[in-house]
Protein chains: 2
Amino acid sequence: MYTYPLSSRILLAIDCIIFGFDGKDIKLLLIKRNFEPEKGNWSLMGGFLKEEEDLEAGAGRILHDLTGLTNIYVEQLEVFGKINRDPAERTVSVVFFALIQIDEHDAEAVKSHNASWISLDKRPQLIFDHNQMVDRAIEHLRYKAALHPIGFELLPENFTIPQLQKLYEAIYNTPLDRRNFSRKLLSTGLLIDTGFKNNNSATKKATLYRLDTIRYKEKFHAFWNFMPDAMKTPQS
Amino acid sequence: MYTYPLSSRILLAIDCIIFGFDGKDIKLLLIKRNFEPEKGNWSLMGGFLKEEEDLEAGAGRILHDLTGLTNIYVEQLEVFGKINRDPAERTVSVVFFALIQIDEHDAEAVKSHNASWISLDKRPQLIFDHNQMVDRAIEHLRYKAALHPIGFELLPENFTIPQLQKLYEAIYNTPLDRRNFSRKLLSTGLLIDTGFKNNNSATKKATLYRLDTIRYKEKFHAFWNFMPDAMKTPQS
DNA sequence: TCAAAAGTGTTTATATTACACCCATGA
DNA sequence: TCATGGGTGTAATATAAACACTTTTGA
């Protein structure tokens, strides 16, 4: 069998951007490293691809290690491959973009990794090129959420329209008109009324909806054009 | 300095999907391999990332080798990393998506690589997972061209509206209404009348336009919503 | 003078925006 | 009973879609 004798092998890392939503702010799951290198500094959760492991499986493993969850929404975001991005050794990192329901994570696992949920506007400096990775992920979140129904991935199974609106307002950092938002959302046909009401509110209780998962899959790749026109200047 | 003694190094490949447009069909630049492995079979143009080379530089090098061009429109598409995708050895491939102006390539360079421009519907089976890569790239082309003004990257500097329409009809494999297409396009403000007319036509000569590169850059990230609604079911 | 392709305008339907009032709840 | 947040309707505007005739050209 043919082999490739002349080419050099490179260390392949996986880094995960993990977004959550606490009902008010978009948060990132970051770790304060209690291991080398860069011990004591903040970074994304990551690891190295194993020899006997597919790329997506590697991302799944790393995400499961930290959160205890499987079936997380994950996509490849971008590969970061600058020569000196890791001062220790040439390392190419495949960055994954994950959205999780913040209240479902395993708090023990998170704690044992010395990880915390941190609001976007309070995030510390991160090691290496992880800041750029996060910037890129935020851009991607804004872009993708305007075109595809991914917002739901950040909410619990049953959610209210005002909750979803707060999520979008947090993503785009802008207020939205309640009436237009609600109409547009309901007109997608993606929401099913559970018949229940939200109990959290001290005032009028909001209707709890759930996703129509069939239509969600059908409509996922359709363009949504969800944000008002003024917001339409994100990227790539 | 810290190193990563326990992790395994992996061969990192770069594969390039290169699209062109000949005025009628979307074409792919593919190579009939006159080297091992898989000699005699068709594949994408590719190579291995060098130790002293950034990822994007590697893609640029491979694209330049084959086409003689620099300043090609390139983006990262996706990383393919299944364990056994290359039977010779574990190889992870970063796939790049490139659009070129077909008449500007260096025919000699292409010939010396045993490469040819092949219409999408006539493409042969490719080695390894290169068929999936191409499928993914076609999806991406349809998706991206509906939202961003990338079609121009496939046309000569001066082009006519009917040429651009034929390009979009080729991408989406569907006829478009000339009047609506033209109005929508001109309303973007992206086109500048060169004052010249196309001489190719045996009938009425079409106006030659060029891109307003300033506005092109400004508007690149704005959503375009360019294709009619019926077409809006591509992906990711 | 005729065939082939370019250029343009209007009407209709649909989607988006802006905006204000009433309702339910528990403190 | 009042403050807070939830729910809904309508009119004006903008955008998109469907559709047909006139112009230019060179064979």
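Chain identifiers are assigned alphabetically (A, B, ...) following the order of the sequence lines, protein sequences preceding nucleic acid strands; residue numbering begins at 1 within each chain.
- Under the 3.5 Å distance criterion, the side-chain polar atoms of B/Gln165 are matched with a main-chain donor or acceptor of B/Leu176.
- For the pair A/Leu176 CG and C/dA18 P, the interatomic distance rounds to 11 Å; values are reported in whole Å.
- In summary, the aromatic rings of A/His148 and B/Tyr143 are positioned with their centroids under 6.0 Å apart.
- For the OP1/OP2 pair of D/dG7 and a distance below 4.0 Å, the side-chain nitrogens and oxygens of A/Thr207 include at least one atom meeting the criterion.
- The separation between A/Phe181 atom CZ and D/dG6 atom C1' is 14 Å, rounded to whole Å.
- Atom CG of A/Asn200 and atom P of C/dA27 are 13 Å apart (whole Å).
- Residues meeting the side-chain hydrogen bond (donor to acceptor under 3.5 Å, both in side chains) test with B/Asp103, sequence neighbours left out: none.
- When the P atom of C/dA6 is taken as reference, atom CG of B/Leu185 falls 14 Å away, rounded to whole Å.
- A donor-acceptor pair shorter than 3.5 Å can be found between the side chains of B/Glu75 and B/His140.
- Going from atom CG of A/Leu191 over to atom P of D/dG7 covers 11 Å, rounded to whole Å.
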| field | Pair B/Arg210-B/Thr194, side chain to side chain donor-acceptor pair (under 3.5 Å): steps then yes or no | value | CA-CA 6 Å; B/Arg210 63 186 172 81; B/Thr194 62; over 6 Å; no
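- A straight line from CD of A/Gln165 to P of D/dT8 spans 14 Å, rounded to a whole angstrom.
- Nearest to the side-chain atoms of A/Ala206 among the listed nucleotides D/dA16, D/dG7, C/dA6 stands D/dG7.
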B/S/- along nucleotides 19-27 of chain D (protein heavy atoms under 4.0 Å) is BB--BBBS-
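- The CD-C1' distance, from B/Gln163 to C/dG7, rounds to 16 Å in whole Å.
- Atoms CG (A/Asn198) and C1' (D/dG5) sit 11 Å apart, rounded to a whole Å.
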- Full working for salt bridge (charged side-chain N to carboxylate O under 4.0 Å, His left out) between B/Arg123 and B/Asp135: CA-CA 11 Å; B/Arg123 74 189 137 109; B/Asp135 290 344; 3.2 Å; yes
